[in-house]
Protein chains: 2
Amino acid sequence: MATILDVAKRAGLSKTTVSRVINNQDYVSEENRALVLQAMKELDYHPNPAARRLRGQLTMTIGVVVPAVTDPFFASLTAAVEQTAYEKGYRTMICQSSGDKEKERLFLNLLKTKQADGMIIAALENDWKDIQPFTKHGPIVLCNEDIPEPSVPVIKFDQLSGTYAGIKHLIQQGHQRIGYCTGALFAEKGRDKDRNQGYQKAMAEAGLSINPAWIFVDRHTTEDGKQLLTHVMSMEDRPTAVFTGSDDIAAGMITQANEQGVRVPEDLAIMGFGNQPIAQWITPALTTIQQPADGMGQKATQVILELLHNNQAEMEPYELPSDIIVRKST
Amino acid sequence: MATILDVAKRAGLSKTTVSRVINNQDYVSEENRALVLQAMKELDYHPNPAARRLRGQLTMTIGVVVPAVTDPFFASLTAAVEQTAYEKGYRTMICQSSGDKEKERLFLNLLKTKQADGMIIAALENDWKDIQPFTKHGPIVLCNEDIPEPSVPVIKFDQLSGTYAGIKHLIQQGHQRIGYCTGALFAEKGRDKDRNQGYQKAMAEAGLSINPAWIFVDRHTTEDGKQLLTHVMSMEDRPTAVFTGSDDIAAGMITQANEQGVRVPEDLAIMGFGNQPIAQWITPALTTIQQPADGMGQKATQVILELLHNNQAEMEPYELPSDIIVRKST
DNA sequence: GCAGGATGGCAACCATTTTAGATGTAGCGA
DNA sequence: TCGCTACATCTAAAATGGTTGCCATCCTGC
């Protein structure tokens, strides 16, 4: 590989001048600039990023931490980050934390060692207090996380209005007896709190009362969904629709419904959350809330770049709208 | 950030000695080694990779080129690469070529500029002759590609035996009239040739003749699958099973079958290829050939690392077995 | 007293950016 | 015309944080 010195020699100038040309700085005559460019071209010269980096330049690399790229949601997010970053001339490094706190921290070290300019964390494994210190080495943007003080930008979905729209959709379909799955009923903050509020708001607006027996807590998996369906169908007084809070639960419910001959949506309408691929393949296809992973990745990247170039960004959470996708299950 | 000099000072030794400790070299007394390690810990010292890189070291980074991370197959592959690389202390950079030749070449420049030690290309966009020159800057491993001369390692699925196993499965189910989708019938090389051979082999072994009318060329999409089902069911003399060569085609066929009231597998057995997520969600669930993306990513990474450390690797294609996943559609 | 291995330090080197300063030229007032 | 300043242009050298070849020193055993 040719070095800057080779270029300088060939152009008959000093390497400082060549450096100036490379970095588009002033104080180089047009004549010499042309000479340098010519030499660079002839030698197929590319500046050595390691050397630039050592000298304290940007690395043109950003990192993204996801639990697993195989999860469609995080795949979309990663894809959007990579695409957006690429368009701005940045490269992307990935880290699958897969629940490993140490791996996450190790990856964040890239910031410390100047291998990445900024980090997007799409799912925080460590406590924020263990991550906070890394912020002094470069910008960090969080996705879908709540942290004590808003010291870094956070990109979120508008869970409240997503849930609100979902429940409202069920109400518009004529349902009045609406079941609801949530992670934690009395959540003080975070995703569940927002969703719960959306649920309450939609119910209240329609003048519907909430039946505590139709609120299901702590269900997460397809398996939970199967059991939940059996449970719901065995109730004397049962809801006509269930807002599940996750496509996985919903898919499990539908699978079990098909098994038991329960008709969806006639006997029970079922709504998912997330618009994962399974939502469109299961029969009947799932009505669900789309979490715009694309938009999230894009926004997170834009904010990181903003932070990198202007060193400032909005600290109030960026809330992205979630769209409702109506299919056959409601 | 603490530098090696800070560590040296704190340990009361020269930076040479510190460097020796860092790199696990000989000629450092246990005593001093401990002193250095202590100092490193106290200062939370991490060597600056840019500096090491500049001095001609490895970057501990490998790149992986995929068409899109959102494709489940490539997501698995990427995930496996990242995981395997991480276990060996390497970081992973991703590039979604998304059919963009220039993006692919730009990404391969990372090799030239020593930002990555090696590259895994999971889907080649450019002609090999345009990629070949990059090999002199670092190892490249190809996945699922055929190149003129085996100048770099190639990781492939054993398409022949996968197809063979699939057809054999159909025969064991009692089918004798077996339709077959292929990309190109008289393929001279590559995936289609191998698959065609597997088909022929299984049919020949069972003493079954091949009916040219049951060979369908150039079908790829779900839409193609829908049309194909209609076409097959309209045939006077028709197969009882179809090996589709892709889950997408198979899913299209099943969708259309459900639509038309054709029973799968009673009226027509349908087999996919790839074991994409859709295969398990469609009803009836699809019997298919699993392409072990995990194994592929793992193997590719291992080969790259092998090449990096020993500078040599097997040039004969590595062929990974494809497993058959039996579900409800056959 | 000396051979020879263990140990450790100096200084060069990697490719770039940045700092400080050199050189040349033009403008301007005396 | 001369001397001075201002500015454009360019260069040498320092700095960045490591690794490494080579040399010096120490210690052990003979």
Side-chain angles (χ1 to χ4, degrees), chain A residues 1-40 43-61 109-117 137-138, chain B residues 1-40 43-61 89 109-115 117 137-138:
Chain A
M1 283 294 288
T3 76
I4 199 174
L5 198 59
D6 299 327
V7 176
K9 275 184 191 155
R10 190 174 192 105
L13 294 161
S14 78
K15 50 184 191 160
T16 307
T17 306
V18 177
S19 175
R20 287 219 183 84
V21 172
I22 295 168
N23 297 289
N24 265 318
Q25 292 178 12
D26 280 347
Y27 303 127
V28 181
S29 62
E30 272 317 310
E31 196 180 353
N32 284 346
R33 187 180 297 273
L35 230 48
V36 169
L37 289 172
Q38 170 73 13
M40 281 171 56
L43 294 170
D44 188 24
Y45 165 78
H46 293 265
N48 180 323
R52 314 183 83 173
R53 202 166 296 188
L54 181 58
R55 207 59 189 77
Q57 289 279 108
L58 293 182
T59 69
M60 301 304 276
T61 299
N109 264 334
L110 294 184
L111 218 48
K112 206 187 254 184
T113 56
K114 292 278 172 290
Q115 293 191 83
D117 297 329
H137 300 110
Chain B
M1 281 296 288
T3 76
I4 199 173
L5 201 57
D6 299 327
V7 177
K9 274 182 192 156
R10 188 172 194 106
L13 294 162
S14 78
K15 55 181 190 160
T16 306
T17 307
V18 177
S19 174
R20 289 218 181 85
V21 172
I22 295 169
N23 296 289
N24 266 317
Q25 292 178 11
D26 281 345
Y27 303 128
V28 180
S29 62
E30 273 316 310
E31 197 179 352
N32 284 347
R33 187 179 298 274
L35 230 50
V36 168
L37 289 172
Q38 172 72 14
M40 279 171 56
L43 295 170
D44 188 24
Y45 166 77
H46 294 264
N48 180 323
R52 316 181 85 173
R53 201 166 300 187
L54 182 58
R55 198 59 182 79
Q57 289 279 107
L58 295 181
T59 69
M60 301 304 276
T61 300
N109 263 333
L110 294 184
L111 219 48
K112 204 188 255 184
T113 56
K114 292 278 172 289
Q115 294 191 80
D117 296 329
H137 300 110

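Just so it is clear, the structure is predicted and the values come from calculations on it, not from any experiment. First the proteins, then the strands, lettered A, B, ... as listed; each starts at 1.
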Colleague: C:dC13 P sits how many Å from B:Ile4 CD1, rounded?
Modeller: 19 Å

Colleague: Could you tell me whether B:Gln25 contacts a base, only the sugar-phosphate backbone, or nothing, with contacts defined as non-hydrogen atoms closer than 4.0 Å?
Modeller: sugar-phosphate

Colleague: Checking all strands, does B:Thr17 fall into the base, sugar-phosphate, or nothing category for heavy-atom contacts under 4.0 angstrom?
Modeller: sugar-phosphate

Colleague: Between B:Asn48 and B:Ala50 (side chain of the first, backbone of the second, donor and acceptor by atom type, cut-off under 3.5 Å), is there such a pair?
Modeller: yes

Colleague: Quick one: B:Met60 CE to D:dG18 P, roughly how many Å, whole number?
Modeller: 16 Å

Colleague: Give B:Ser29 one of three labels, base, sugar-phosphate or nothing, depending on what nucleic acid heavy atoms sit under 4.0 Å from its own.
Modeller: sugar-phosphate

Colleague: If I take atom CZ in residue A:Arg55 and atom C1' in nucleotide D:dG18, what distance separates them, rounded to the nearest angstrom?
Modeller: 15 Å

Colleague: Mind checking whether B:Lys9 and B:Leu43 have side chains closer than 4.5 Å, heavy atoms only?
Modeller: no

Colleague: When the distance from CG of A:Asn48 to C1' of C:dT16 is rounded to whole Å, what number comes out?
Modeller: 8 Å

Colleague: Measure CE/A:Met40 against P/C:dA15 and give the value in whole Å, please.
Modeller: 16 Å

Colleague: Want to settle it: does A:Asp26 or B:Leu5 sit nearer the 5' end of DNA chain D, counting the closest nucleotide to each?
Modeller: A:Asp26

Colleague: Given D:dT20, C:dT18, D:dG17, which nucleotide is nearest the side-chain atoms of B:Thr16?
Modeller: D:dT20

Colleague: May I ask you to evaluate whether A:Asn23 reaches the phosphate of C:dT17, defined as a side-chain N or O under 4.0 Å from OP1 or OP2?
Modeller: yes

Colleague: Between the base of C:dC14 and the side chain of A:Thr3, is one N or O donor paired with an acceptor at under 3.5 angstrom?
Modeller: no

Colleague: Between P on D:dT25 and CG on B:Leu13, what's the gap in Å once rounded to a whole number?
Modeller: 18 Å

Colleague: Write down the distance between CZ (B:Arg52) and C1' (D:dT16), rounded to a whole number of angstrom.
Modeller: 16 Å

Colleague: Mind checking B:Arg20 for me? I need base, sugar-phosphate or nothing, with any heavy atom below 4.0 Å counting as a touch.
Modeller: base

Colleague: If you look at every heavy atom in A:Val18 and A:Val7, which pair is closest and at what distance?
Modeller: CG1-CG1, 3.8 Å

Colleague: If you round to the nearest 0.5 Å, how far is CE of B:Met60 from CZ of B:Arg53?
Modeller: 10.5 Å

Colleague: Between B:Tyr45 and D:dG18, is there a side-chain N or O to OP1/OP2 distance below 4.0 Å?
Modeller: yes

Colleague: Between B:Ser14 and A:Lys15, which is nearer to the 5' end of DNA chain C once each is assigned its nearest nucleotide?
Modeller: B:Ser14

Colleague: Separation of B:Arg53 atom CZ from C:dA15 atom C1', in whole Å?
Modeller: 14 Å

Colleague: Between B:Ile4 and B:Ile22, is any pair of side-chain heavy atoms under 4.5 Å apart?
Modeller: yes

